[in-house]
K.L.:
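Below is one structure. I have some questions about it.
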Amino acid sequence: EAGVAQSPRYKIIEKRQSVAFWCNPISGHATLYWYQQILGQGPKLLIQFQNNGVVDDSQLPKDRFSAERLKGVDSTLKIQPAKLEDSAVYLCASSFYSSGEQFFGPGTRLTVL
Amino acid sequence: DAKTTQPTSMDCAEGRAANLPCNHSTISGNEYVYWYRQIHSQGPQYIIHGLKNNETNEMASLIITEDRKSSTLILPHATLRDTAVYYCIVRAPNSGNTPLVFGKGTRLSVIA
């Protein structure tokens, strides 16, 4: 079974630039999550989708972050404009249903200079 | 905020059992205990979960105290590949949308 795919694996940008991350969940998984993991800390949920609808985006900094899951499959997370404190690993996860086991992708490591 | 307390780090000799403790003294009756681990440069990986009975699978055993205020994850024969950060999480999966809330976890180093 193919796992959760994410790209790119690494990204370096300068502050105030824009960046986008892509996630392809496990086939058939209705629930998709984006987490932010700052160095030395555990992952923090940014947004949760159920199919193509947003279930929870209470922790998403909406002035600069946006996410979408068109057609209820792939998802993109965008940061515009980036700040230094956005340097982190961005993890995508999916689950068959909202309370099920979550499967994580390898993450995208973002460095903002 | 995470509802669990874990030691920051632990060492374990290769081939020995690794016992990772977790305190969750404010756990509610409908909350399960979940364990995930994160190997360097990878995403977290599910290990095991339980409500009140001890659980075992191919990866580990989970021992939950009778009062459910603490638990221990046991890796029976630790290998170098078990070196990772281990997260203990409490969650009520049957109470609607309940996300995983990660703390800082325990960094386990398995030493040859």
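Convention: sequence-line order gives letters A, B, ...; per-chain numbering from 1. Side chains are part of it too, since the values below use all heavy atoms of this structure and drop only hydrogens, waters and symmetry mates.
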K.L.:
Distance check, rounded to the nearest 0.5 Å: B:Q42 atom CD versus A:L91 atom CG?
P.N.:
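CG of A:L91 is found 11.0 Å from CD of B:Q42.
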
K.L.:
Under 4.5 Å from any heavy atom of chain B, what part of A:Y97 do you find: side chain, backbone, both or neither?
P.N.:
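Contact with chain B is absent: no heavy atom of A:Y97 under 4.5 Å.
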
K.L.:
Looking at A:K71, I want to see if its NZ is surrounded by more than 12 non-hydrogen atoms of other residues, nucleotides or ligands under 6.0 Å.
P.N.:
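Open.
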
K.L.:
May I ask you to name which of A:A93, A:P106, A:S95, A:C92 has the most heavy-atom pairs under 4.5 Å with chain B?
P.N.:
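Greatest number of close heavy-atom pairs with chain B: A:P106.
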
K.L.:
Got more than 12 heavy atoms from elsewhere within 6.0 Å of NZ, A:K11?
P.N.:
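Atom NZ in A:K11 is not packed in, count stays at 12 or less.
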
K.L.:
According to a hydrophobic-cluster definition based on side-chain heavy atoms being under 4.5 Å apart (Ile, Leu, Val, Met, Phe, Trp, Tyr only), do B:V90 and B:F102 belong together?
P.N.:
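Shared cluster, no.
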
K.L.:
Quick check: are there more than 12 heavy atoms from other residues, nucleotides or ligands sitting under 6.0 Å from CZ of B:R16?
P.N.:
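Not buried by this count: 12 neighbours or fewer within 6.0 Å.
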
K.L.:
Is it the case that over 12 heavy atoms from other parts of the model lie below 6.0 angstrom from the CG atom of A:L113?
P.N.:
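For A:L113, atom CG is crowded (more than 12 foreign heavy atoms under 6.0 Å).
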
K.L.:
Can you tell me if A:Q80 has over 12 outside heavy atoms packed within less than 6.0 Å of its CD?
P.N.:
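It does not: A:Q80 CD has 12 such atoms or fewer within range.
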
K.L.:
What part of B:R91 lies closer than 4.5 angstrom to a heavy atom of chain A: side chain, backbone, both or neither?
P.N.:
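B:R91 touches chain A through side-chain heavy atoms alone.
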
K.L.:
Taking all non-hydrogen atoms of both residues into account, name the closest pair between A:Q41 and B:Y87 and its distance.
P.N.:
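Minimum heavy-atom separation between A:Q41 and B:Y87: O-OH, 3.9 Å.
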
K.L.:
Rounded at 0.5 Å granularity, tell me how far CG in B:L100 sits from CD in A:Q48.
P.N.:
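Here the interatomic distance stands at 9.5 Å.
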
K.L.:
To the nearest 0.5 Å, how far apart are CD1 in B:I48 and CD in A:E101?
P.N.:
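Those atoms lie 11.5 Å apart.
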
K.L.:
Could you pull out the closest heavy-atom pair between B:Y36 and A:Q102, with the gap in Å?
P.N.:
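The answer is OH-N, 3.2 Å.
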
